[in-house]
Amino acid sequence: MDTREDNVSAFNQFRENWIRPALFFGNNPISLAGGAITTASALTMVGSWLIDLFGHGNGNPYLGIIFFLILPAFFILGLLLIPVGVFLRRRKLQKAGQIPAVFPTIDLNDHVFRHGLDVVLVATIANMLIVMLASYKGVSYMDSPQFCGQSCHVMAPEFAAYQVSAHSNVACTECHVGSGIDSYVRAKMNGTKQLVEVTLHPFAKLAPKLIPDYPTPIPSPVTSLRPAREVCESCHTPAKFVGDKLLVKTSYADDEANTAAQTVVLLHIGGRDSLSHLSGIHGVHLNHMEYIASSADRQTIPWVTRRNGDGTETTFAASALNGATPKGERRTMDCIDCHNRATHTFQTPEEGINQALSDGAISTSLPWIHKEGLELLKANYASQAEAKAKIAQQLNAFYRSQHPDVLQSKGWLVQQAAAQIYAIYARNVFPEMKVTWGTHPNNLGHTAYPGCFRCHDGDHTSKTGKTITQDCANCHNLLAVEESKPKVLSDLGIAH
Ligand code: HEC
Ligand code: HEC
Ligand code: HEC
Ligand code: HEC
Ligand code: HEC
């Protein structure tokens with residue numbers, strides 16, 4: 001009996017001291033406006049989710065910013081305005097001495113009032129649900145490649161390369177944001193910093209010391225990348241990449257006929273076999289190697305050490321070191337040291353044009369197109385828009401003056417070639433971000449960039465005089481080098 005009476009009196013107190021005053025003071029323009037803002041943004045959000053749910057949503061990241069970031073902010077602003085209004089009205093009435101001794105009565109037996117209480121209760125629960133859903137939506141939106149790659153033109157180079165990569169269905173966050181709340185928060189702080197820098201960018205030039213600006217190009221290596229083996233091996237298990245891989249590359253000569261030639265390489269990728277033996281390129285480096293780079297971009301590596309099966313280490317050092325150990329971070333070699341361009345693979349102009357010619361995107365029947373295309377790709381343009389106009393204009397001018405017959409009979413192939421040459425340019429060169437040919441070197445290989453030869457250059461020697469191998473056959477069998485119609489391809493039944 002007692003407890004029940006206690007409950008009733010507690011409720012009465014709550015009603016006298018809180019609900020009645022809240023209803024009384026809440027009746028003010030600020031609180032009412034807050035309520036209206038909250039309701040309106042809630043209805044809009046619910047509407048946009050329904051549209052999303054039924055599949056009529058649109059992938060535009062700018063709309064996304066409104067629905068997932070700005071509307072929830074309004075929603076919360078509205079909620080905050082309600083107590084602010086209550087507080088102001090109370091203070092004003094207090095000053096004027098108009099606070100009633102007894103607030104207008106509330107009677108729980110009065111069904112109109114009970115109904116009002118129900119409404120307040122239901123509205124509160126609904127509000128909470130909406131805030132929860134909105135923040136969930138906002139968070140998962142900020143995780144989407146649209147947000148990371150498209151909302152912000154600073155990421156344009158990385159996003160363009162990402163879209164045509166084998167990983168175009170892997171979310172940016174899979175590789176760039178670690179698991180756990182701390183790396184999540186760090187990534188979002190980093191993103192917010194970037195957003196601020198992008199917003200302030202137009203003013204940064206006026207006061208370079210005062211106003212932060214984003215770096216152009218965005219530097220790599222990315223020091224905050226989560227540990228590569230943890231990331232990559234969540235999808236690629238080392239047990240699965242055992243064996244050799246046949247690489248066929250087609251290149252074209254700078255002659256009138258764009259003569260094609262092929263290089264065929266059998267790469268000894270290796271990996272871990274069913275008996276846990278490590279072999280080949282993957283096996284030997286993933287066993288355990290550490291190195292020290294002497295340049296921030298890790299392109300110069302004068303010192304590397306390999307842990308042997310018996311626990312001893314063999315160190316290979318560049319001759320210029322004279323036996324000293326260089327200063328710097330001792331990094332354990334992982335996937336990124338070779339696959340640094342696993343997703344954002346920027347091509348060289350040669351790779352771009354060779355690929356377009358062998359795909360048939362640019363017709364090999366156009367005389368001199370390889371040579372002309374390369375020259376147009378390598379020229380300097382102030383912007384992508386200028387590149388687009390000039391490439392088309394100059395390719396046309398070339399055929400008009402040198403091969404008018406071609407322009408007449410195959411004019412549309414010339415237009416198509418111009419469009420494709422520009423497409424290669426636009427995937428790889430971003431003048432606004434100072435990303436151009438060679439800005440982001442690819443470490444996989446050794447022909448265009450140092451790559452493997454950062455260590456396998458014949459100059460890294462151990463104390464016993466052993467040198468890191470430069471023997472071609474250790475890494476690959478060269479089955480054909482720039483041959484036209486190599487026999488090995490027809491033997492294998494590979495068309496060319
Ligand atoms: C499969 C993994 C993977 C995915 C998915 C991925 N990245 Fe990367 N990203 C990398 C690696 C690896 C590097 C280079 C790291 C290094 O060199 O240290 C990198 C580098 C970058 C850089 C630094 C500049 C540069 O080019 O080196 C930016 C910016 C970037 N990524 C943005 C993005 C964005 C935006 C997305 C999604 C649209 C994305 N990444 C998706 C792996 C990934
Ligand atoms: C979420 C899963 C996932 C993650 C994480 C991932 N990959 Fe992949 N990777 C794939 C898929 C799927 C393919 C495409 C396979 C295909 O198209 O045949 C692929 C293809 C590749 C290829 C060969 C295709 C090519 O031509 O580029 C390489 C090399 C590769 N990944 C390396 C990496 C590296 C290095 C990392 C870590 C930075 C990584 N992957 C992280 C799923 C993943
Ligand atoms: C010492 C350099 C090196 C390291 C370290 C390395 N790789 Fe590779 N990887 C290669 C080379 C070289 C190739 C073949 C390149 C090609 O296909 O053109 C390759 C190919 C691959 C492929 C594609 C296989 C196929 O069938 O196309 C995958 C997937 C891959 N690596 C994943 C990884 C992962 C995951 C790691 C880290 C655990 C890793 N690699 C570490 C050099 C390396
Ligand atoms: C950070 C330095 C470094 C880089 C970069 C590097 N390697 Fe190595 N590699 C080594 C060292 C050290 C050894 C072990 C040499 C020894 O023990 O004789 C080695 C051994 C090898 C071997 C085994 C050689 C043998 O004698 O059987 C192969 C194959 C190989 N590397 C291929 C590659 C390829 C392919 C790349 C580029 C994709 C590459 N390496 C990049 C340091 C490097
Ligand atoms: C440390 C390992 C290593 C050594 C030593 C090595 N290569 Fe390579 N080479 C590679 C890798 C890895 C690739 C594949 C690059 C890719 O995936 O595009 C390659 C590719 C090539 C290609 C194909 C062309 C191209 O543009 O990719 C040629 C040609 C070639 N190597 C020639 C040689 C010759 C000749 C030697 C001996 C003097 C040699 N390589 C030594 C690792 C090596």
Side-chain angles (χ1 to χ4, degrees), residues 166-167 170 175 227-251 261-272 278-294 298-309 312-318 330-343 345 347-348 350-351 354-355 441-462 464-483:
H167 295 119
V170 179
C175 294
R229 298 202 54 174
E230 186 185 293
V231 179
C232 313
E233 287 181 20
S234 67
C235 294
H236 302 283
T237 93
K240 282 278 291 191
F241 36 74
V242 179
D244 285 358
K245 178 176 176 181
L246 193 71
L247 215 64
V248 182
K249 297 201 172 185
T250 307
S251 55
Q262 277 163 323
T263 300
V264 185
V265 176
L266 189 67
L267 272 172
H268 306 314
I269 300 183
R272 194 190 293 276
L278 287 160
S279 69
I281 298 169
H282 276 157
V284 65
H285 302 90
L286 295 177
N287 212 357
H288 194 96
M289 280 194 194
E290 290 178 22
Y291 69 84
I292 300 175
S294 64
R298 297 188 189 142
Q299 288 302 299
T300 314
I301 301 180
W303 188 92
V304 53
T305 185
R306 159 185 196 170
R307 185 172 304 162
N308 306 309
T312 60
E313 285 188 356
T314 310
T315 300
F316 300 86
R330 235 179 116 132
R331 210 182 108 84
T332 305
M333 204 169 169
D334 65 26
C335 320
I336 302 298
D337 290 306
C338 299
H339 296 282
N340 66 330
R341 296 284 123 203
T343 294
T345 322
Q347 296 168 303
T348 62
E350 289 79 7
E351 283 166 352
N354 285 336
Q355 188 200 2
N442 190 338
N443 293 337
L444 207 64
H446 55 83
T447 44
Y449 303 102
C452 314
F453 285 13
R454 287 173 299 164
C455 298
H456 292 260
D457 61 351
D459 184 48
H460 288 63
T461 318
S462 74
T464 58
K466 198 175 171 216
T467 304
I468 303 179
T469 185
Q470 229 190 349
D471 181 354
C472 323
N474 260 330
C475 299
H476 48 56
N477 291 356
L478 286 170
L479 303 176
V481 178
E482 304 215 341
E483 285 176 30

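Atoms within a ligand are numbered from 1 in the order they appear, just like the ligands themselves.
Polar contact with ligand 3: present for H339 (N/O pair, distance under 3.5 Å). Between N443 and ligand 4, no N or O atom pair is found at a separation short of 3.5 Å. Of the N or O atoms in E233, none lie within a sub-3.5 Å distance of an N or O in ligand 3.
Screening R330, R298, R331 for a side-chain contact (heavy atoms from CB on, under 4.5 Å) with I292, the sole residue that qualifies is R330.
Counting atoms of ligand 4 from 1 in the listed order, those under 4.0 Å from a heavy atom of K466 are 16 (C), 17 (O), 18 (O). Taking every non-hydrogen atom of D471 and a distance limit under 4.0 Å, the qualifying atoms of ligand 5 come out as 5 (C). Atoms of ligand 3 lying under 4.0 Å from any heavy atom of K245, numbered from 1 in the order shown and given with element: 16 (C), 17 (O), 25 (C), 27 (O). Within ligand 3, counting atoms from 1 as listed, the ones closer than 4.0 Å to a heavy atom of D334 are 5 (C). Heavy-atom contacts of L444 reach the following atoms of ligand 3: 10 (C), 11 (C), 12 (C), 15 (C), 42 (C) (cutoff under 4.0 Å). The ligand atoms of ligand 5 that sit less than 4.0 angstrom from a heavy atom of H456 are 1 (C). Counting atoms of ligand 4 from 1 in the listed order, those under 4.0 Å from a heavy atom of T469 are 24 (C). Which parts of ligand 3 touch H236 is read off a 4.0 Å heavy-atom cut-off, strictly below it: atoms 29 (C), 35 (C). Short contacts between ligand 3 and L286, defined as distances under 4.0 Å to a heavy atom of the residue, involve ligand atoms 38 (C).
Taking all heavy atoms of F316, W303, Y291 into account, the minimum distance to atom 16 (C) of ligand 4 is reached by F316. Among C232, C335, C455, the residue whose heavy atom lies closest to atom 36 (C) of ligand 3 is C335. Heavy-atom proximity to atom 13 (C) of ligand 3, evaluated over D244, V231, I269, is greatest for I269. Scanning M333, H268, R298, H285 for the heavy atom closest to atom 10 (C) of ligand 4 points to H285. Of the candidates Q470, R454, R306, the one placing a heavy atom closest to atom 5 (C) of ligand 4 is R454.
In this structure, H446 and F453 have parallel ring planes: the angle between them is below the 30° cut-off, well short of the 60° mark.
Among protein heavy atoms, the minimum distance from atom 17 (O) of ligand 5 is reached at L247 CD2, 3.6 Å. Protein heavy atom closest to atom 11 (C) of ligand 5, with residue, atom name and distance, is L267 CD2, 3.7 Å. What sits closest to atom 18 (O) of ligand 5 on the protein, heavy atoms only, is K249 NZ, 2.6 Å.
Distances shorter than 2.8 Å separate atom 8 (Fe) of ligand 5 from the protein N/O/S atoms H446 NE2, H476 NE2.
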(request) Please report the C-alpha distance between H476 and D244 in whole Å, then the side-chain angles of each, then the deciding distance to 0.1 Å, and finally whether the side chain to side chain donor-acceptor pair (under 3.5 Å) criterion is met. (result) CA-CA 9 Å; H476 48 56; D244 285 358; over 6 Å; no
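Under 4.0 Å from ligand 4, the heavy atoms of M289 that appear belong solely to its side chain. Contact annotation for N474 and ligand 5: no heavy atom of the residue comes within less than 4.0 Å of the ligand.
Partners of E350 under the side-chain hydrogen bond (donor to acceptor under 3.5 Å, both in side chains) rule, at least two apart in sequence or in another chain, are K378.
When only modelled atom types and interatomic distance are considered, N308 and T314 share a side-chain donor-acceptor pair under 3.5 Å. E482 and T263 are not linked by any side-chain donor-acceptor pair at a separation below 3.5 angstrom, with hydrogens and angles left out of the test.
Not a single heavy atom of D337 sits less than 4.0 Å from an atom of ligand 4.
Residue H282: an N/O/S atom is found under 2.8 Å from atom 8 (Fe) of ligand 3.
The nearest pair of heavy atoms linking R341 to P441 is CG-O, 3.7 Å.
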